[in-house]
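We count ligands from 1, going down the list as the structure has it; atoms in each ligand are counted the same way. By convention here, the first residue in the shown sequence is residue 1.
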Amino acid sequence: MKKNILLFGLAFVGGFTYERYFPYVKAFISDKGQKNDDHSFKSMLEQGNYIQPKVIDIMHSSPDKHFLHNFIAQHNEALNVFKIYYPDKLEQKIYSDNLESEDKIHLHFVFNAADHLQGHSSIVHGGLLATLIDNAFGQLSYLASGQIPTATANLNINYRKPVKTNHDYMITAEIDKIEGRKVFLKATIYDQDKTICTEATGLFLTVQWGGQMWKNALDKIKEVTQIDDKIVKIDQKKKE
Ligand SMILES: CCCCCCCCCC(=O)SCCNC(=O)CCNC(=O)[C@H](O)C(C)(C)COP(=O)(O)OP(=O)(O)OC[C@H]1O[C@@H](n2cnc3c(N)ncnc32)[C@H](O)[C@@H]1OP(=O)(O)O
């Protein structure tokens with residue numbers, strides 16, 4: 001009798017441990033074979049003259065412990081890939097104060113989420129997708145509104161197909177229109193076959209939140225020689 005109870009206990013603990021920790025063990029022992037700057041959309045984006053702007057990468061890494069970077073991107077390497085691209089020909093427009101809706105400025109975010117970020121087994125949690133889209137909208141609306149911080153007023157997401165862990169996906173976020181303080185955006189998550197997995201729309205409003213923090217981030221960019229000329233343009237614009 002005691003032996004049966006012991007066996008049942010062991011089976012229960014074993015089952016629980018497997019269910020609870022298997023994704024972590026799998027992630028730990030699996031060879032991702034993929035560096036953060038290496039992903040399946042890379043050549044397509046580079047052929048389309050998309051570049052990785054340091055101005056945006058720095059928003060992730062420097063401003064006073066940004067949530068996405070510190071909590072997700074650096075936590076147990078939960079995001080195997082998280083890269084941002086925008087079209088180089090739109091560089092100047094991104095820094096202009098008056099963006100016409102036809103400019104349709106957009107950014108591409110490539111990501112690959114590890115099993116740490118699954119909800120159902122091997123399916124990326126919808127809350128993470130909402131976070132990535134929200135953050136993409138935040139960054140794009142900040143740039144489009146002339147470096148004024150924005151806040152999410154409304155975010156709608158349609159989850160069309162499951163997004164799998166350990167696979168590359170691309171978020172395309174674009175400005176739909178700007179009306180005063182209101183920035184309307186839309187986004188799509190595509191898989192490698194260009195199948196639409198997720199669609200979203202958002203309304204962001206310019207706010208007076210954390211302006212100094214983001215300004216400090218922009219100041220740090222001055223150290224990056226590649227985009228010095230753009231910084232000069234921003235500073236000149238502010239003095240005018
Ligand atoms: C470089 C930066 C990178 C940043 C990346 C990180 C991005 C993170 C994004 C976030 O997570 S932000 C945090 C989550 N969001 C919030 O906490 C926002 C909470 N809500 C608020 O604080 C206020 O509701 C808000 C600032 C959004 C608006 O309040 P206001 O008092 O400034 O504006 P008001 O309520 O007077 O609305 C202004 C206009 O917007 C309209 N509006 C406001 N909220 C709306 C809504 N939800 N849907 C539709 N319209 C809306 C409103 O009707 C009105 O339209 P009209 O001017 O035409 O009359």
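- Listed by atom number, the atoms of ligand 1 under 4.0 Å from Lys182 heavy atoms are 39 (C), 40 (O), 41 (C), 55 (O), 56 (P), 58 (O).
- Counting atoms of ligand 1 from 1 in the listed order, those under 4.0 Å from a heavy atom of Tyr142 are 1 (C), 2 (C).
- In terms of hydrophobic clustering, with Ile, Leu, Val, Met, Phe, Trp and Tyr side chains grouped at heavy-atom distances under 4.5 Å, Leu140 and Leu203 are assigned to different clusters.
- Atoms of ligand 1 lying under 4.0 Å from any heavy atom of Asp134, numbered from 1 in the order shown and given with element: 9 (C), 10 (C), 11 (O).
- Note on Phe137: it does not cluster hydrophobically with Leu205, by side-chain heavy-atom contacts below 4.5 Å among ILVMFWY residues.
- If you look at Val207 next to ligand 1, the close heavy atoms, those under 4.0 Å, all belong to the side chain.
- Chaining together hydrophobic side chains whose heavy atoms lie under 4.5 Å apart places Ile196 alongside Tyr190.
- Of the polar atoms of Ala153, at least one N or O is found under 3.5 Å from an N or O of ligand 1, judged by distance alone.
- Side-chain rings of Tyr159 and His120 stay apart, their centers remaining 6.0 Å or farther from each other.
- Here the shortest heavy-atom distance to atom 46 (C) of ligand 1, taken over Asn135, Thr152, Leu203, belongs to Leu203.
- Hydrophobic clustering of Ile, Leu, Val, Met, Phe, Trp and Tyr side chains at less than 4.5 Å, counting indirect connections, keeps Ile178 apart from Phe184.
- Of the heavy atoms in Trp209, only side-chain atoms (C-beta onward) come closer than 4.0 Å to ligand 1.
- Under a 4.0 angstrom heavy-atom cut-off, Glu179 registers as lying outside contact with ligand 1.
- Residue pairs meeting the salt bridge (charged side-chain N to carboxylate O under 4.0 Å, His left out) criterion with at least one member in residues 133-160, sequence neighbours excluded, are Arg160-Glu199.
- Defined by atom type and a distance below 3.5 Å, a donor-acceptor pair is missing between the side-chain atoms of Thr165 and Gln118.
- Which of Ile148, Leu205, Thr150, Thr206 comes nearest to atom 37 (O) of ligand 1 through a heavy atom is settled by distance: it is Leu205.
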